Colleague: 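Submitted below is the structure of interest, expressed as structure tokens.
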Amino acid sequence: QVQLVESGGGLVQAGGSPRLSCAASGIIFGIKAMGWYRQTPGKERELVAAISSSGSTYYADSVKGRFTISRDNAKKTLYLQMNSLKPEDTAKYYCAAGNSGTWYAGFGSWGQGTQVTVSS
């Protein structure tokens with residue numbers, strides 16, 4: 001049983017570098033994989049980035065080289081550093097906690113999402 005709360009979204013200019021945060025609370029056993037999804041109306045959620053319990057990372061091709069996922073296990077917080085934002089990055093971003101140490105096992109907990117809107 002994990003509760004996730006995202007923060008850091010909002011309106012940002014193209015080329016900006018905001019950082020999203022996801023604070024976890026509740027009952028947590030061990031270090032789980034975590035990830036960031038994003039969704040635009042009319043499209044399914046897209047896995048943007050993920051990080052395993054060992055620190056291995058995954059990035060969607062659309063954000064590779066621009067976004068960085070990281071975690072602070074002591075603070076129970078997940079981060080997504082976004083650089084060189086483009087208007088096409090506009091979406092609602094969701095934090096997710098995995099069922100195990102790897103994202104391959106799926107995600108069992110979700111945050112409410114935070115809107116990121118990139119203006120030209």
Side-chain angles (χ1 to χ4, degrees):
Q1 185 181 356
V2 180
Q3 291 78 49
L4 305 172
V5 180
E6 303 95 334
S7 62
L11 179 64
V12 62
Q13 285 273 74
S17 302
R19 184 178 72 165
L20 303 185
S21 297
C22 172
S25 62
I27 302 174
I28 304 174
F29 297 100
I31 302 174
K32 308 297 183 181
M34 298 191 76
W36 289 96
Y37 282 78
R38 67 184 180 186
Q39 186 171 27
T40 301
K43 189 177 180 180
E44 292 185 1
R45 288 185 181 184
E46 171 192 22
L47 179 61
V48 175
I51 184 167
S52 72
S53 61
S54 65
S56 297
T57 57
Y58 160 85
Y59 296 98
D61 289 340
S62 59
V63 306
K64 216 162 193 173
R66 299 188 298 118
F67 291 9
T68 301
I69 187 171
S70 62
R71 63 193 300 164
D72 187 328
N73 294 327
K75 295 181 179 179
K76 299 180 181 179
T77 303
L78 177 73
Y79 303 98
L80 183 67
Q81 178 64 58
M82 304 186 290
N83 299 131
S84 303
L85 281 186
K86 307 173 181 179
E88 47 263 48
D89 293 318
T90 295
K92 193 168 187 179
Y93 286 73
Y94 297 85
C95 172
N99 294 313
S100 70
T102 175
W103 58 80
Y104 300 126
F107 296 92
S109 300
W110 297 79
Q112 83 290 342
T114 184
Q115 179 69 36
V116 175
T117 301
V118 184
S119 62
S120 301

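When a residue number appears, it is its place in the shown sequence, counting from 1. Keep in mind that this is a model prediction, so the values were computed, not measured.
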Colleague: So, using side-chain hydrogen bond (donor to acceptor under 3.5 Å, both in side chains) as the criterion, who are the partners of Ser53 when residues are at least two apart?
Modeller: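 Counting only residues at least two positions away or on another chain, Ser53 forms no side-chain hydrogen bond (donor to acceptor under 3.5 Å, both in side chains).
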
Colleague: Please list all pairs passing the ring pair (Phe, Tyr, Trp, His ring centres under 6.0 Å) test where one or both residues lie in residues 100-120, with sequence neighbours left out.
Modeller: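 Passing the test, one end in residues 100-120: Tyr37-Phe107, Tyr37-Trp110.
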
Colleague: Treating Ile, Leu, Val, Met, Phe, Trp and Tyr as nodes and any side-chain heavy-atom pair under 4.5 angstrom as an edge, say whether Leu47 and Leu80 lie in one connected cluster.
Modeller: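 Looking at the clustering, Leu80 is in a separate group from Leu47.
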
Colleague: So, the side chain of Thr90 versus the backbone of Val118: is there a donor-acceptor pair under 3.5 Å, distance only?
Modeller: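 Flag set: sc Thr90 to bb Val118 pair under 3.5 Å.
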
Colleague: With the 4.5 Å side-chain cut-off for hydrophobic clustering, are Tyr79 and Met82 part of the same group?
Modeller: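 Hydrophobic grouping puts Tyr79 apart from Met82.
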
Colleague: Under a 3.5 Å distance rule, please check whether Glu6 uses its side chain to pair with a backbone N or O of Gln112 as donor and acceptor.
Modeller: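 At least one qualifying donor-acceptor pair exists.
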
Colleague: Tell me whether Leu4 is reachable from Ile31 by hopping between hydrophobic residues (I, L, V, M, F, W, Y) whose side-chain heavy atoms are closer than 4.5 Å.
Modeller: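 Cluster IDs for Ile31 and Leu4 differ.
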
Colleague: Which residues satisfy the side-chain hydrogen bond (donor to acceptor under 3.5 Å, both in side chains) test with Asn73, sequence neighbours excluded?
Modeller: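 With neighbours one apart ignored, the set is Arg71.
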
Colleague: Would you list the pairs meeting salt bridge (Lys or Arg N to Asp or Glu O under 4.0 Å) in which at least one residue belongs to residues 25-38, sequence neighbours left out?
Modeller: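 Output for this query lists Arg38-Glu46, Arg38-Asp89.
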
Colleague: Please collect all disulfide bond (SG atoms under 2.5 Å apart) contacts where either partner lies in residues 84-120, sequence neighbours excluded, each pair once.
Modeller: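 Passing the test, one end in residues 84-120: Cys22-Cys95.
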
Colleague: For residues 13-21, tabulate all N or O donor-acceptor pairs below 3.5 Å that involve a side-chain atom, not counting sequence neighbours.
Modeller:
residue	atom	partner	partner atom	Å
Gln13	OE1	Ser119	OG	2.8
Ser17	OG	Asn83	ND2	3.1

Colleague: Write down the atom of Asn99, the atom of Ala105, and the distance for their closest heavy-atom approach.
Modeller: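 Closest approach of Asn99 to Ala105: ND2-O, 3.4 Å.
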
Colleague: Return yes when atom CD of Glu44 has more than 12 non-hydrogen atoms of other residues, nucleotides or ligands closer than 6.0 Å, and no otherwise.
Modeller: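 No, CD of Glu44 has 12 or fewer neighbouring heavy atoms, counting only those of other groups under 6.0 Å.
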
Colleague: Applying side-chain contact (heavy atoms from CB on, under 4.5 Å) to Leu85 and Phe67, what does each step give before you reach the verdict?
Modeller: CA-CA 9 Å; Leu85 281 186; Phe67 291 9; 3.7 Å; yes

Colleague: Under the criterion side-chain contact (heavy atoms from CB on, under 4.5 Å), I'd like the reasoning laid out for Tyr94 against Arg45: C-alpha separation, chi angles, the key distance, then a yes or no.
Modeller: CA-CA 9 Å; Tyr94 297 85; Arg45 288 185 181 184; 3.3 Å; yes

Colleague: Measure the CZ-CD distance between Arg66 and Gln81 for me, rounded to the nearest 0.5 Å.
Modeller: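 Rounded to the nearest 0.5 Å, the CZ-CD separation comes out at 12.0 Å.
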
Colleague: Before you tell me yes or no, could you show the steps for Leu78 and Ile69 under side-chain contact (heavy atoms from CB on, under 4.5 Å), namely the whole-Å CA-CA distance, both residues' side-chain angles and the distance that decides it to 0.1 Å?
Modeller: CA-CA 8 Å; Leu78 177 73; Ile69 187 171; 3.8 Å; yes

Colleague: Let me confirm one number: the CH2-CD1 distance from Trp36 to Ile51, rounded to the nearest 0.5 Å.
Modeller: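 Nearest 0.5 Å value for the CH2-CD1 distance: 12.5 Å.
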
